[in-house]
Amino acid sequence: MKLPEFKLEEFWKTYEFTAPYLLCCSDAETWSLQEIVSMADPEAKKLWESLRLGYTESPGHPLLRQEISQLYSTLNADQILTCAGAEEGIYCSMRVLIEPNDHVIVIEPCYQSLITLAQSMGAEVTTIRLKPETQWKLNLEEVRQAFRPNTKLLILNYPQNPTGTLLDPMVQEGLIELARISEAYIFCDEVYRYMEVEESMRLPSLADAYEKGIALNVLTKSFGLAGLRIGWLATRDPILKKISSYKLYTSICNSAPSEILAIIALRAKAHLLGRNRQLMLANLQLLDHFVERNSKSVSWIRPQSGTIAVLKLLLPISVETFAQDLVKTRGVLVMPGSVFDLPGNFFRVGFGKQNMPDILGRFEKYLQLEASHHATAH
Ligand SMILES: Cc1ncc(COP(=O)(O)O)c(C=O)c1O
């Protein structure tokens, strides 16, 4: 199975540890090891202090799966499979769910492996493009037209990367109805769950809402614990057993320290998510003012969810050139839309980090200078 270059991850490989001012991160503010350990309850503290660094149970520590299952309203611990970050969950699921000649529907732009893994499995992949003219909103009618009797899988990513949009509740219900007719699975990458701007707009997880729904989540994004590499798949469907067997060909089991830290983090989830939501909402307000002040240079469709948004560069310059010069001269990194195969002058910004206000200030100075150059040139 040949895989194409993973544009987004190659982009990060180049810049994440060299560019000093990252303005396009998708994960919320990271916690330190010390902070997490200090949140341990007596049981978890004991687990941490007596930890032996051997193999762990392949599906995940029973207490960890127990904590994860509590994030869902209809699932128990046996309906959770943990994995190395979200990425392993995507990889194993696609390898198990898709066979050559299956029909698969994917919504794009999205996290690249959600499309390219399906394509590389030899499936016939129909992509449905979200468009700025319709506020990046998914049109249920387009999905209806794409569905066929042999559609095996619908792949979603909501809250959406990179647009920060959410599904409307009626659209989610409509998608489930369509999938039921073809007995198709819905795989929903929900890694930005819990960062909805309005908490009332949080939808039921696809794992709860649909009997053949497979939800993917992780401690990387909303929780701010990317370095743990602890993700999970949640589903009531028996396919989970097959995916679990596939994991024996990839990571086999989780890192032992990460599992215990993940248990501690999930038991303290209200605190972790509370702080990260506060940061995200404060930064979103700054972005609101920023877009207002610079409305001749940038525009956006305001995200419904953190921690990412897509902006459009309105200056008469390609966003690629702009982004390259920005990182070279100011050390500020934004992510051009080409990383997502997004046509037009779009770029992604992230607003989950504590240092975002400072970096936004640096970005604004550069943007205003560029705007004045272009104003005098005309
Ligand atoms: C939508 C989506 N899914 C999956 C991932 C991969 O997450 P992880 O780093 O936890 O493997 C990302 C990371 O950017 C993402 O944005």
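Whatever order the structure lists them in is the order used to number ligands and atoms, beginning at 1.
- Ranking the protein heavy atoms by distance from atom 14 (O) of ligand 1 puts Lys221 NZ, 2.6 Å first.
- Looking at Glu88, Gln112, Glu87, Glu190 and measuring to atom 11 (O) of ligand 1, the nearest heavy atom belongs to Glu87.
- In terms of protein heavy atoms, atom 15 (C) of ligand 1 is closest to Tyr111 CD1, 3.5 Å.
- Of the listed options Leu225, Leu114, Asp189, Asn157, Asp189 places a heavy atom closest to atom 3 (N) of ligand 1.
- Under the 3.5 Å distance criterion, the side-chain polar atoms of Asn76 are matched with a main-chain donor or acceptor of Asp78.
- In Arg229, the part holding a heavy atom less than 4.0 Å from any atom of ligand 1 is the side chain.
- In terms of protein heavy-atom proximity, atom 10 (O) of ligand 1 is nearest to Thr220 OG1, 2.6 Å.
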- Message: Is there a side-chain hydrogen bond (donor to acceptor under 3.5 Å, both in side chains) between Tyr158 and Thr165? Walk through the geometry before answering.
- Response: CA-CA 7 Å; Tyr158 283 98; Thr165 50; 4.7 Å; no
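- The protein non-hydrogen atom at the shortest distance from atom 7 (O) of ligand 1 is Ala86 CB, 3.5 Å.
- An N or O contact shorter than 3.5 Å is missing between Ile90 and ligand 1 by distance.
- Seen from the ring of Tyr21, Arg362 counts as a face-on cation partner, given the 6.0 Å and 45° thresholds.
- In this structure, the ring of Phe322 has its center less than 6.0 angstrom from the ring center of Tyr366.
- Salt bridge Lys13/Glu9: absent, no basic N to carboxylate O contact under 4.0 Å.
- The atoms of ligand 1 that sit less than 4.0 Å from any heavy atom of Asn161 are 15 (C), 16 (O).
- Ligand-side atoms of ligand 1 in range of Gly85: 10 (O), 11 (O), range being under 4.0 angstrom from any heavy atom.
- Residues Tyr111 and Phe6 place their aromatic rings such that the two centres sit under 6.0 Å apart.
- Near Tyr192, meaning under 4.0 Å from any of its heavy atoms, are these atoms of ligand 1: 1 (C), 14 (O), 15 (C), 16 (O).
- Relative to the ring axis of Trp31, Arg275 places its NZ or CZ within 45° and under 6.0 Å from the centre.
- In summary, Glu124 and Arg148 engage in a salt bridge, as defined by a charged side-chain N under 4.0 Å from a carboxylate O.
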